[in-house]
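Everything numeric in this text was worked out from a predicted model, so none of it was measured.
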Amino acid sequence: MSLTAEPEIRVGSAREPAGAPAADPAGRTSPSVYETGRLVALAPWLPGHGERLSWLLDRQRPDGGWGAPGGYAIVPTLSAVEALLTDLRRGGPAAAPAAAAHRGLAFLAVALRADPPPDLPATDLIVPALRDAVDRLLDAPAGPPPGLAEWAGRPRLPLPAGLDPARLTRVRGLLAAGRPVPEKLAHALEVAGELAYRAPGVRPSASGAVGASPAATAAWLGRPEPGPALDYLRAVARSGPVPCASPITVFERAWVLAVLVRAGVPVHVPEPVLTGLRAAVGASGAATAPGLPADADTTSVVLYALARLGRSPGVGALAGFDTGRHFCTWPGEDGASLTTNAHVLDALGEHPSRPGVTAARRRVTEWLVGRQEPDGRWEDRWHASAYYATYAVLLALADHAPDGAARTAVERGVGWLLATQRPDGSWGRWHGTAEETAYAVLALAGAGRAGDARIGAALARGRARLSDLDGCDGGPPLWHDKDLYRPTRIVRAAVLAASGHTGRASAYPDAAMIRIA
């Protein structure tokens, strides 16, 4: 799998364009309605503004919303509607954006009272910030933007039940007082409005990004002033729509390698890739991207991949995330992540003789087992699909805690996978997808009992369906950021691994390896 140097992926005789490194140095991820909407509103001077506006209009659903079903539509729809209203207020083309904004507002008036938004990063900041911005645009002294006169004097859009805007008020208060905000909030700096401009204590990373976010960078920059931040925006927005996070180089490489080596896929990894991953792990861990704080999820996956490839730096970098009961994704995290802890268990399991590791593995195992749902699955805050969380936890428990209560939990998880396979052989939350089918296949192959006829039949049906889906099903974005996104190469690695999972090079016709360069 080419990550930096080669222009294509080769798996046996199969070939898949992967993008040359000069055009794709930061990793590959799907564009975001939320983030693209923020650039339409915040940076109309950035080249590609018209393409971003057209892209938003093309992705509106028939019901007026944007994004995935249920509460997942709230954040992208608020962003798209506010962007269209802002563009109309500036004097942009009126007919299509006004009609789309009207349908989006009608959708929001219902949706904000229905399904609550899921636990995505910064949702409690984004939703009140955009709700207030939409209300200001509709209630301006000059009246609503062109084409939306019927919204004059309408009641304010509601906030979803249980969503408290107090945190947004506190964040804006810190910035108004000239005080820096916590590092992790730089990723959503755009919620601060005008206070984001050159905010105290916030500086672009070496790549020019603020919080690895196009929207946060545009809010901090404010105007097209030459410098690294403008260069970053021009690069990330060169094709029009933008992702929620860029660059994702360390995240992408670590996850791809971890998926492939765990599945037994023979890989050759050039020295610069290994050196770069090793250098990404500092005393406090590894960060998903420059400008973000180190986190236990990225740290543990990097450590696991390096250990499996014979380059282990140990697990000392995880110490700062240990709460004494489980591992936090970062200190001060609201809530807790099951997949982060599954990945921590993977990393710890590669170092069984290190002092303190045995006790930490026992604690994490008990914590994960205790959070299994009654039907056998696991759910997590970093992915919309239970198939990803169940895959991560099942394999960690099966590999590193194979006995007692953990084995019982594994068998229940395997039972849930068998029970939820679709008639066509696929798996999926909303419909069968290649990504979710790959996770189910990898979990059953790695955690199921050898020789079980039910598992063998499910795997055969799943792989047969995967061969149909692979190459023609881009699949919905399922990973959690400010909006749902799809890390393309990571998903592709899972599909490739599941398609030929036998632990032998001969599973990949005419190939001795998947090359990662």
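At least one donor-acceptor pair under 3.5 Å links the side chain of D380 to the backbone N or O of L338. Of the possible donor and acceptor atoms, none in the side chain of S79 sits under 3.5 Å from a partner among the backbone N and O of V75. Listed for the W367 side chain is no donor-acceptor partner under 3.5 Å among the backbone atoms of F327. A donor-acceptor pair under 3.5 Å links the side-chain atoms of E35 to the main chain of A215, judged by distance alone. Y232 places a side-chain N or O within 3.5 Å of a backbone atom of S246 that can act as its donor or acceptor partner. A donor-acceptor pair under 3.5 Å is formed between the side chain of R429 and the backbone N or O of A384. Counting only distance, with no hydrogens or angles, the side chain of R311 and the backbone of A307 share no donor-acceptor pair below 3.5 Å. One N or O on the side chain of D63 and one on the backbone of G65 form a donor-acceptor pair closer than 3.5 Å. Counting only distance, with no hydrogens or angles, the side chain of T123 and the backbone of L120 share a donor-acceptor pair below 3.5 Å. The main-chain N or O of Y485 is never found under 3.5 Å from a side-chain atom of S30 such that the two would form a donor-acceptor pair.
When all heavy atoms of A101 and L148 are compared, the pair lying nearest together is CB-CD1, 4.1 Å. Scanning both residues, I248 and G27, for their nearest heavy atoms gives CG1-CA, 3.9 Å. The minimum heavy-atom distance between A245 and T29, with the atom names listed, is O-CG2, 3.9 Å. Across P180 and G201, no two heavy atoms sit closer than the pair CB-CA, 4.2 Å. The two residues I74 and P116 come nearest to each other via the heavy atoms CD1-C, 4.3 Å. Between V40 and L53, the closest heavy-atom pair is CG2-N, 4.0 Å.
If you look at W382 and H343, their ring centroids are not closer than 6.0 Å. Within the 6.0 Å centre-distance limit, the rings of Y391 and Y439 are counted as a close aromatic pair. The ring of Y72 has its center closer than 6.0 angstrom to the ring center of H480.
L484 is not listed as a side-chain neighbour of L478, based on a closest heavy-atom distance of 4.5 Å or more. In this structure, the side chains of T86 and R89 stay at 4.5 Å or more apart for every pair of heavy atoms. Residues T298 and W330 form no side-chain contact, since every pair of their non-hydrogen atoms from C-beta on lies 4.5 Å or further apart. For the pair R172/R167, no side-chain contact is recorded, criterion being any heavy-atom separation below 4.5 Å from C-beta on. Between P117 and L163 the shortest side-chain heavy-atom distance falls below 4.5 Å. L257 places none of its side-chain heavy atoms less than 4.5 Å from the side chain of L306. A 4.5 Å side-chain heavy-atom check between Y34 and I126 finds at least one atom pair inside the cut-off.
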Next item on the list: Step by step, work out the ring pair (Phe, Tyr, Trp, His ring centres under 6.0 Å) result for W479 and Y388.
Entry: CA-CA 9 Å; W479 293 62; Y388 174 74; 4.8 Å; yes
Next item on the list: Could you walk me through whether E82 and R38 pass salt bridge (Lys or Arg N to Asp or Glu O under 4.0 Å), step by step?
Entry: CA-CA 8 Å; E82 196 275 344; R38 296 303 80 224; 2.7 Å; yes
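Judged by the 6.0 Å distance and 45° axis criteria, R198 is positioned over the aromatic ring of W220. Seen from the ring of W55, R52 does not count as a face-on cation partner, given the 6.0 Å and 45° thresholds.
For the pairing with K482, the side chain to side chain contact (heavy atoms under 4.5 Å, CB included) check across S32, P76, S213 returns one residue only, S213.
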